[in-house]
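Note that this is a predicted model, so its numbers are computed, not measured. First the proteins, then the strands, lettered A, B, ... as listed; each starts at 1.
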Amino acid sequence: MSEIDLTTKIGNLALKNPIILASGTAGYGYELEKYINFNEIGGFVSKGIYFDPRKGNDSPRIYETPCGMLNAIGLQGIGVKRFRDEIIPFWEKYDTVFGVNVAGETEDEYVKVVEYLEREKRVDFFEINLSCPNVHEGGKSPSWDSQKTFSIIKEIKKISKKHIMAKLSPNVTYIEEIAKAAEEAGADSISLVNTFVGMAVDIKTKKPQIKNVFGGVSGPAIKPMALALVFKVFKSVKIPIVGMGGISSAGDILEFIISGASAIEIGTATIVDPRASLKMLKQLKDLMRALNHKNIKDLIGSIITGG
Amino acid sequence: MSEIDLTTKIGNLALKNPIILASGTAGYGYELEKYINFNEIGGFVSKGIYFDPRKGNDSPRIYETPCGMLNAIGLQGIGVKRFRDEIIPFWEKYDTVFGVNVAGETEDEYVKVVEYLEREKRVDFFEINLSCPNVHEGGKSPSWDSQKTFSIIKEIKKISKKHIMAKLSPNVTYIEEIAKAAEEAGADSISLVNTFVGMAVDIKTKKPQIKNVFGGVSGPAIKPMALALVFKVFKSVKIPIVGMGGISSAGDILEFIISGASAIEIGTATIVDPRASLKMLKQLKDLMRALNHKNIKDLIGSIITGG
Amino acid sequence: MNGYKSLKIVDKKEWGDNYFSLFLKDKEISEIVFPGNFFMVKIPYFESGAILPRPFSIARVFKEENVFELFFQVVGKGTEVFSKLKEGDYLEILGPLGNKFPIKTEKKIIMVAGGRGISPFLYLSEILKREKKDFLLIYGGKSEKDIKFRHYLSSYNTLFITEDGSYGEKGLVTDFLPKGAFTVFSCGPEIMMEKVYEFYKKTNSEVFVSLEERMACGTGVCYGCAKKIRRGDKIEMVRVCQEGPVFNAKEVVWDE
Amino acid sequence: MNGYKSLKIVDKKEWGDNYFSLFLKDKEISEIVFPGNFFMVKIPYFESGAILPRPFSIARVFKEENVFELFFQVVGKGTEVFSKLKEGDYLEILGPLGNKFPIKTEKKIIMVAGGRGISPFLYLSEILKREKKDFLLIYGGKSEKDIKFRHYLSSYNTLFITEDGSYGEKGLVTDFLPKGAFTVFSCGPEIMMEKVYEFYKKTNSEVFVSLEERMACGTGVCYGCAKKIRRGDKIEMVRVCQEGPVFNAKEVVWDE
Ligand SMILES: Cc1cc2nc3c(=O)[nH]c(=O)nc-3n(C[C@H](O)[C@H](O)[C@H](O)COP(=O)(O)OP(=O)(O)OC[C@H]3O[C@@H](n4cnc5c(N)ncnc54)[C@H](O)[C@@H]3O)c2cc1C
Ligand SMILES: Cc1cc2nc3c(=O)[nH]c(=O)nc-3n(C[C@H](O)[C@H](O)[C@H](O)COP(=O)(O)OP(=O)(O)OC[C@H]3O[C@@H](n4cnc5c(N)ncnc54)[C@H](O)[C@@H]3O)c2cc1C
Ligand SMILES: Cc1cc2nc3c(=O)[nH]c(=O)nc-3n(C[C@H](O)[C@H](O)[C@H](O)COP(=O)(O)O)c2cc1C
Ligand SMILES: Cc1cc2nc3c(=O)[nH]c(=O)nc-3n(C[C@H](O)[C@H](O)[C@H](O)COP(=O)(O)O)c2cc1C
Ligand code: FES
Ligand code: FES
């Protein structure tokens, strides 16, 4: 039986396979070391990194919802310095594509994070988390607005030579406009979706189940919405797309690739099972074989609509 | 044991209980006659009615998703004339609050539907389905835009004395703005959410699972998102809110009421089980008793945040 | 008022090759159900991610015991769950729903079944024999793995056909259709039903087919199961669960 | 590399009053697991709408048979599903995870359990007795319905307490805490653990508590289970699944 070619490209990033571990669902990496071999996965994205360390939100931070989960971790994190000193050396042991998920409370902070880590060789790309609540804008996130999206990406492109991936929020009316703004500002790729704004209430105490009141919904529940957004963006921009949202089987991966994603990220599935990515990698090979596909790149955007 | 008071009000509409059957998930009513007694439910909303009869979309029109379903029925319908002649007489047999879900391809069409049915006594309210794709706007729906929302509701208020409920789409960046526009235009209440835009792909054929490509996601999967939107609107407007999205148990009903809904609608649950509304009504009484609540009106918006 | 009933699985048959039968007990249903009718069956897992009920035709009825049978093939999530149920487990089911095969005909009845499309013709054979109607059942499958109910059907006038000839005649069911003017019933893959119709449409025969379409409610409220049907000179989107599943083949818009 | 293992349920015990034990067989786990440790257990329903695994402490270990026990109370969706599993069914489980109760102490050990918080102290009693450590287990519940393992615990130095006096002494566990300088372990409702800490904090005792917090991953990747913990003069959000579940009570920020 001939080999299945799972290699793919996101612009100048060459991946062994299309499976990337999504930000915030795989820690900094070392947490998973005893469960998976990072050399086998296509790529890895760190938890969101602000410039300074952050405590994150009070608990409860998570709550299960039908086929999904709500989270409001509040981007607890160790800040760029400890990140560089403690995490990058860990990454250096492995041969896969590593990305830093860049967070910021203000436009400036995004730029500062990128600046600080720009010279790190082991960082292959920056995934700009445009969904962070902006402190000066009443908590609005930059990717709710095409101008904000444009200006953050533009500023980052000025100072970085690395691959810049703009990660979009799904909580918008016209995702196409936000994606185009990122493209025009020079983003090398777009990843989507981040979580959907959600909420749950404890009917006994009448309090929100999440201390922060609102949280982000992820997991299989959001898959059909995420896929629609990926396809919409695919039709609107020329830069490559990294799709995600509820992926939990090889079939789900192919749905995103056929709808236009050049690679995909796995989020909640890793929370549910630390080996989910490698299980899906195996499934994916079997499925490609069963469907008589040899090369995953041929499937990117191969969706047939109309007729 | 003392009686539980489930009566509620949506502005001038007095309901026996907060459970309304949602548009498009309970047909015109007669389909459910052999399963439920309409006198027992709080209210009923018809399928969306355009002025003229409509064929709707080609099949497949539905697809199951994790804890939810996708649909693109395309508002197949019998038009206002047959609606008045065939459906209203059926409604006249029952004593509950009846609403017509008003659809339009253009602003004018919404107004024409309301005009045509304005004199029907058995119609207690119009639920304006602001999510219909507008033919002159490349399929954009009016409730993606606060100006469009404002002007449709305003035009309808000019010619109608009935209760006008503005039904909003969840697929927007700032639901608060849309809700405020509806309020300013004179809407008597707001109902939300309609379905989330979604998609699924058949990995064997590479074709979308829904002929129309995009469909609307409903069911438990969307519940946390719907609840967050209801709460956001509750904080932004003064008119009453009818909440919906994935409700499938009495606990779900209370979550929406505590978060600000004066009544709720049940959609997909009726598709899954024609008697779901009455089963939940019974559950709701038991639950209120178990939680030591006597009056559902006291729970509206009783959420405790902060602290 | 009747809604979903919770019925006990009184027996289960594993036919092999991913085919199963579940036997349920209910007096009322066993009395009123008629071939063509179907049921909506909920997937019986707690908080299951698969929320929609699944449609299944009536297969056989054992009236003395008030037992009826659902026969199915595992093709996905729901049928996989059903296949794992055991005697004593409960199923929530709604029905009988839908219309019936129109057996009031003077003509000889030809039934053409493909694979799991055999379901409605099992009980129907019994009824037709009881009513002393002249009929022939043509039952085809890919290979002998797809031919079940062999013993039961041996009491009726059945022609077995497999594509590879591993059981009965070798070929496609459409190679064995008798010429003449009949009342023809068909259930199985859409392409097969279409060919059966093509074969008979220029004769004096009438062809009725049991259409399959994805269903969500089964009660007519959702309009999800609509298919293009000719009504007079118009083509309408008609709900298979309400006005079907049995349609006159000449009304069906086949070219989809 | 180890991830979730699929383990067979070799035995099940229904204690009544919504308490259950499941017995699972695995050599490696039975050898290395230690009280304080916990497991993440997936809800074993096909396409279940409840996607997250649930955390459970190690209860007892039967080393000769390579069997270990999970003891739980039905409080919601997941535990309800677990309660319906049968011998022979499989469970996917990850672990042992988390830290251990620090038994290396010169002091007498007092263990204070409330309700289902008894789990970690079952095997621990056995270990302490084997190591000839001096200890007392105080086990309280609302009523006699909440007191299980009575026979097993009769071999150990156990003080039973119920709020209504229906079994053992009447009162709250905190009414029966011995005065002195001990190493105290506690597991149960947070308010109980806080009171135990309050009682001992001005003595020369050290108190360790097993904290409960909602968990999603159990592996440390999601930061969902963080609780406020004092580290030096700072308060940090610390992951219970990684640095816990056992914490020194003086580090815990109780006023939440
Ligand atoms: C009126 C009617 C009667 C039927 N009677 C029988 C019967 O007696 N025995 C039997 O084995 N099957 C019967 N079917 C088909 C049966 O409903 C489907 O096989 C079943 O719903 C698949 O469920 P699943 O969860 O296993 O598959 P899914 O995981 O939901 O889907 C697997 C595949 O089945 C297709 N499918 C899903 N739902 C339907 C549907 N309603 N009709 C056709 N294809 C579908 C999907 O498109 C997909 O390709 C009948 C269908 C209808 C409409
Ligand atoms: C380290 C650890 C060890 C545990 N050991 C045991 C044990 O040995 N035996 C036992 O019976 N229980 C134990 N628990 C608690 C157990 O995990 C919860 O009872 C269980 O997750 C509830 O699942 P459910 O699906 O039945 O409830 P759900 O339907 O998810 O929720 C029901 C209620 O339980 C609460 N809950 C949910 N998850 C947790 C959680 N992780 N911790 C505390 N409360 C929760 C919810 O807030 C809700 O009020 C332990 C918890 C932790 C964190
Ligand atoms: C617990 C948790 C933490 C997350 N943290 C981040 C983050 O720091 N930065 C980010 O861009 N996305 C974050 N996300 C979003 C995921 O990366 C992903 O976009 C989202 O969960 C959808 O994918 P999924 O459904 O596969 O989980 C987080 C998600 C979860 C569940
Ligand atoms: C099959 C189907 C048809 C629908 N048709 C309409 C419609 O005609 N008009 C409308 O306003 N909403 C329509 N809806 C949306 C529902 O009324 C409801 O807003 C949505 O499904 C969310 O609620 P649920 O999750 O309880 O189903 C439809 C939903 C479904 C599933
Ligand atoms: S399945 Fe809902 S109308 Fe037929
Ligand atoms: S449960 Fe995910 S970090 Fe602890």
Side-chain angles (χ1 to χ4, degrees), chain A residues 63 65-70 140 144-145 169-174 178 196-209 213-215 217 219-232 246 248 250-259 287 291 299 302-307, chain B residues 63 65-70 140 144-145 169-174 178 196-209 213-215 217 219-232 246 248 250-259 287 291 299 302-307:
Chain A
Y63 186 69
T65 63
C67 290
M69 66 179 282
L70 261 172
K140 292 181 180 178
W144 294 355
D145 181 303
S169 157
N171 302 291
V172 297
T173 315
Y174 302 113
I178 315 285
F196 282 78
V197 175
M199 186 177 138
V201 171
D202 183 334
I203 57 169
K204 291 198 190 102
T205 62
K206 297 181 193 159
K207 289 186 187 167
Q209 291 279 13
V213 184
F214 297 111
V217 184
I222 68 167
K223 203 195 85 186
M225 284 86 103
L227 192 68
L229 293 166
V230 163
F231 182 52
K232 284 184 177 186
S248 50
D252 294 345
I253 294 177
L254 286 189
E255 279 191 76
F256 277 85
I257 298 217
I258 292 170
S259 302
L287 184 60
L291 295 175
L299 293 174
S302 62
I303 187 167
I304 301 164
T305 59
Chain B
Y63 186 68
T65 63
C67 290
M69 66 179 281
L70 261 172
K140 291 181 181 177
W144 294 356
D145 181 304
S169 158
N171 302 292
V172 298
T173 315
Y174 302 113
I178 315 285
F196 282 79
V197 175
M199 186 177 137
V201 172
D202 182 336
I203 58 170
K204 291 197 189 103
T205 63
K206 298 182 193 160
K207 288 186 187 168
Q209 291 281 13
V213 183
F214 297 111
V217 184
I222 69 167
K223 203 196 84 187
M225 283 87 102
L227 193 68
L229 293 166
V230 164
F231 182 53
K232 285 185 177 186
S248 50
D252 294 345
I253 294 177
L254 286 190
E255 280 192 74
F256 277 84
I257 299 219
I258 292 170
S259 302
L287 184 60
L291 295 175
L299 293 174
S302 62
I303 187 167
I304 300 165
T305 59

### Message
Looking only at heavy atoms and a cut-off of under 4.5 Å, which of B:Gly251, B:Ala221, B:Pro224, B:Gly198 has the most pairs with chain A?
### Response
B:Pro224

### Query
With respect to chain B, which residue among A:Met199, A:Gln209, A:Lys140 yields the maximal number of heavy-atom pairs within a distance under 4.5 Å?
A:Met199

### Message
Distance check, rounded to the nearest 0.5 Å: A:Ile203 atom CD1 versus B:Asp252 atom CG?
### Response
8.5 Å

### Minimum heavy-atom distance between B:Cys67 and A:Pro66, given as atom pair plus value
SG-C, 3.8 Å

### Summary
When the 4.5 angstrom heavy-atom criterion is applied to B:Leu229 and chain A, the contacting part is neither

### Task
Please report the shortest heavy-atom distance between B:Val201 and A:Ser259, naming the atom on each side.
CG2-OG, 3.4 Å

#### Entry: Max heavy-atom pair count under 4.5 Å with chain B, selected residue of A:Val197, A:Thr65, A:Val217, A:Val213
A:Val197

### Query
Relative to each other, are the rings of B:Tyr174 and A:Trp144 parallel, tilted or perpendicular (30° and 60° limits)?
perpendicular

### Summary
Rounded to the nearest 0.5 angstrom, the NZ-CG distance for B:Lys223 and A:Leu70 is 9.5 Å

### Message
Taking side chain as everything from C-beta outward and backbone as N, CA, C, O, which of these in B:Ile258 sits under 4.5 Å from a heavy atom of chain A? Side chain, backbone, both or neither.
### Response
side chain

### Message
To the closest 0.5 Å, what do you measure between CG (B:Leu291) and OG1 (A:Thr205)?
### Response
10.5 Å

### Query
So B:Phe231 and A:Phe214, would you call those rings parallel, tilted or perpendicular, with 30° and 60° as cut-offs?
tilted

### Task
First locate atom CE of B:Met225, then atom CG of A:Asn171, and finally report the distance between them rounded to the nearest 0.5 Å.
8.5 Å

### Task
Dump the intermediate steps for side-chain contact (heavy atoms from CB on, under 4.5 Å) on A:Lys206 and B:Leu299, then the final yes or no.
CA-CA 9 Å; A:Lys206 297 181 193 159; B:Leu299 293 174; 3.6 Å; yes

### Task
Please state whether the side chain, the backbone, both or neither of A:Ile257 comes within less than 4.5 Å of a heavy atom of chain B.
neither

#### Entry: Contacting moiety of A:Ile303, where chain B heavy atoms sit under 4.5 Å
both

### Task
Give, as side chain, backbone, both or neither, the part of B:Ile222 having an atom under 4.5 angstrom from any heavy atom of chain A.
side chain

